[in-house]
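In each ligand, atom 1 is the first atom listed, and ligand 1 is the first ligand listed. Predicted model only: the values in this text are computed from it and were never measured.
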Amino acid sequence: MAFPNGFLWGGAVAANQWEGGWNLGGRGPAMTDVTTGGTVTEHRKVTYIDKDGNHCTMLQHEKLPEGAHYAVLDEYHYPNHEAVDGYHHYKEDIALFAEMGFKQFRMSISWSRLYPTGLEKEPNREGVELYRSVFEECRKYDIEPLVTIWHFDTPLYLEEHCGGWLNRETIDLYVRFATTCFTEYKGLVHHWLTFNEINNTIMFLDFAGGEHADQEYQDAYQHLHYQFVASAKAVMIGHAIDPDNMIGCMICGITNYPATCDPKDILACQHQWEKNIYYCGDVQVLGAYGSYATRLWKEHNVSLDITDEDLELLSAGTVDMYTFSYYMSSLVTTHKVTDQVAGNFSKGQKNEYLEYSDWGWAVDPDGLQYYLEMMYQRYNVPMMVVENGLGAYDKVEDDGSIHDPYRIDYFRKHIKAMEKAIENGVDVIGYTTWGCIDVVSAGTGEMRKRYGFIYVDMDDEGKGTMKRSRKDSFYWYKKVIASNGADL
Ligand code: BG6
């Protein structure tokens with residue numbers, strides 16, 4: 001059996017998708033609180049009031065027009081407001097995770113629950129105590145919390161009034177927030193991730209274009225640089241507060257393949273790895289920008305605010321482990337794309353050897369083995385797969401049961417792929433499936449896109465009782481954990 005003793009089996013959620021309670025307990029809003037529900041064909045929108053008082057929407061990642069302000073508007077549904085109400089159900093949810101035998105539970109701390117605008121000097125005590133209670137609940141069952149400090153949720157105030165991550169001062173505000181987390185939860189939490197899928201900012205650039213493309217690249221690389229510095233500072237502080245802390249990066253891990261054996265495709269694929277995957281991992285694990293970074297910046301006339309002190313911090317604040325999400329692979333080609341697919345922050349040629357989920361994501365367990373082996377060779381630090389899963393439609397039968405063999409099949413194949421990588425020498429120390437309990441989809445805002453072992457009675461319009469039910473996969477995963485991966 002390949003899985004080592006003490007392997008950290010578990011599941012993952014994020015505050016804005018699980019917790020809800022968006023305006024309870026002194027919490028301030030984040031961008032997701034002004035983001036509407038969408039569907040696979042209809043994008044989620046951000047709502048605001050323009051300078052003339054009109055109610056308006058815009059696509060996520062667009063800039064707020066001059067004189068406008070973000071607003072929650074009566075005529076829209078905001079799925080993240082209540083999410084699946086982890087705020088009130090966390091004890092019940094953690095008990096269910098314990099019943100499955102979880103060794104680890106990955107969740108995030110909402111920055112605006114601790115610092116409502118991001119600018120406060122002292123944290124909101126009610127928020128601090130809420131998470132303490134969540135971690136104590138985990139410890140009660142010997143579940144190790146794995147805590148993401150930032151999961152796409154900068155306080156809205158910082159985004160609207162202070163320039164968000166394009167302002168260098170955001171670094172220190174994040175560091176204050178992270179320091180609070182390390183200090184308050186010392187002894188309760190030992191495993192931390194500084195930024196969720198930090199490389200998304202670059203991946204979104206694949207959708208950039210037109211006359212503003214260079215500006216979008218400029219902003220994205222600058223934003224990332226400040227996050228790298230913030231991460232490095234947080235790592236150093238986290239280690240100083242508790243030398244037992246193990247702190248990781250978290251990369252959106254998409255395996256790239258060249259679509260043909262045309263050397264031009266091979267080269268384009270290598271460049272895709274550099275831009276989308278290595279760019280962030282190299283800085284966070286190796287402590288410096290890769291040699292290809294200069295080429296990437298030059299391609300879009302990017303000129304960054306990087307100081308010598310920043311470079312020293314990057315080198316000193318490297319992470320202890322490499323963690324990543326893995327959902328799919330992607331084909332890269334310089335030829336005409338004949339059958340385009342778009343997945344999680346990626347688009348490209350459809351791979352005829354693979355099957356695709358109902359949301360068009362390539363299902364590729366071999367790609368997980370490939371990714372693990374490749375990244376371990378590159379970084380040689382412990383690794384964790386901290387998100388992996390299948391977004392699918394589930395049907396509740398008349399007797400309340402939920403049969404999800406497609407999910408079991410997906411996990412079985414991916415766990416086997418991970419096992420092969422371990423047999424080939426990769427030091428994988430943990431695995432947390434995404435959305436171990438159904439949560440609001442980050443990409444589409446849907447509830448019907450379900451990932452969980454636990455079903456939550458809530459629909460896309462916000463109707464439902466929030467009742468939790470065990471799917472067939474719940475009992476299957478329990479067996480997998482009990483046998484330490486032997487009984488798949
Ligand atoms: C990752 C995110 O990108 O993918 C999660 O870290 C997200 O927050 C997950 O939920 C799955 O994506 P989606 O769009 O299906 O929710």
Side-chain angles (χ1 to χ4, degrees), residues 10-20 30-33 35-44 60-61 79-80 83-84 86 105-111 146-154 193-204 206-207 227 248-255 276-277 280 323-330 341-347 356-363 368 371 384-394 406-407 410-411 414 431-452 456 458 460:
V13 299
N16 71 83
Q17 294 169 262
W18 172 59
E19 195 173 285
M31 189 64 89
T32 39
D33 299 312
T35 306
T36 65
T39 66
V40 70
T41 49
E42 215 174 276
H43 289 293
R44 302 187 75 179
Q60 290 172 292
H61 309 292
N80 301 81
V84 292
F105 172 46
R106 175 175 174 234
M107 52 170 282
S108 70
I109 293 182
S110 159
W111 184 348
L146 167 62
V147 176
T148 317
I149 297 172
W150 180 94
H151 196 119
F152 306 149
D153 54 358
T154 307
L193 307 178
T194 53
F195 285 91
N196 182 65
E197 290 189 339
I198 191 166
N199 53 328
N200 275 348
T201 309
I202 304 192
M203 289 193 174
F204 276 122
D206 290 348
F207 297 85
Q227 290 196 333
C249 62
M250 198 299 203
I251 306 289
C252 177
I254 292 182
T255 296
N276 282 2
I277 308 292
C280 296
T323 87
F324 65 103
S325 60
Y326 178 80
Y327 294 93
M328 72 190 73
S329 58
S330 166
V341 282
N344 197 10
F345 315 106
S346 73
K347 61 177 183 180
Y356 284 75
S357 78
D358 290 333
W359 274 262
W361 294 19
V363 176
L368 173 59
Y371 193 95
M384 274 201 222
V385 184
V386 295
E387 284 185 33
N388 175 231
L390 177 71
Y393 299 102
D394 289 330
Y406 36 87
R407 186 167 290 112
Y410 178 99
F411 282 128
H414 284 81
Y431 176 71
T432 52
T433 68
W434 175 250
C436 45
I437 178 166
D438 293 344
V439 292
V440 173
S441 159
T444 68
E446 292 167 297
M447 269 308 301
R448 77 179 81 180
K449 188 181 189 188
R450 295 176 182 274
Y451 286 87
V456 179
M458 175 51 53
D460 291 349

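At least one N/O-N/O distance between E387 and ligand 1 falls below 3.5 Å. Polar contact check, V440 against ligand 1: no nitrogen or oxygen pair lies under 3.5 Å apart.
Taking the ring centroids of F105 and W18, they lie under the 6.0 Å cut-off.
Under a 4.0 angstrom heavy-atom cut-off, W359 registers as lying outside contact with ligand 1. For H151, the closest heavy-atom approach to ligand 1 falls below 4.0 Å.
If you number the atoms of ligand 1 from 1 as listed, the ones under 4.0 Å from a heavy atom of G443 come out as 13 (P), 14 (O), 16 (O). The ligand atoms of ligand 1 that sit less than 4.0 angstrom from a heavy atom of Y451 are 11 (C), 12 (O), 13 (P), 15 (O). Taking every non-hydrogen atom of A442 and a distance limit under 4.0 Å, the qualifying atoms of ligand 1 come out as 7 (C), 8 (O), 10 (O), 13 (P), 14 (O), 16 (O). Taking a cut-off of under 4.0 Å to the non-hydrogen atoms of K449, the atoms of ligand 1 that pass are 13 (P), 14 (O), 15 (O). Taking every non-hydrogen atom of S441 and a distance limit under 4.0 Å, the qualifying atoms of ligand 1 come out as 13 (P), 14 (O), 15 (O), 16 (O).
Side-chain contact annotation: E446 with W359, donor-acceptor N/O pair under 3.5 Å present.
A donor-acceptor pair under 3.5 Å is absent between the side-chain atoms of S108 and the main chain of I149, judged by distance alone. Judged purely by atom type and a 3.5 angstrom limit, D438 uses its side chain to pair as donor or acceptor with the backbone of V456.
By the criterion of a heavy-atom distance under 4.0 Å, the side chain of N196, and not its backbone, is placed next to ligand 1. If you look at A14 next to ligand 1, there are no close heavy atoms at all, none under 4.0 Å.
Partner of N388 under the side-chain hydrogen bond (donor to acceptor under 3.5 Å, both in side chains) criterion, out of Y451, Y326, Y410: Y410 alone.
Annotation for G38 and R44: closest pair N-CG, 3.9 Å, computed over non-hydrogen atoms.
Here CG of L146 is found 4.5 Å from CG of L193. Values are rounded to the nearest 0.5 Å. Here the NE2-NE2 distance, from H43 to H61, works out to 10.5 Å after rounding to the nearest 0.5 Å.
For atom 9 (C) of ligand 1, the nearest non-hydrogen atom from the set Y327, Y326, W361 comes from Y327.
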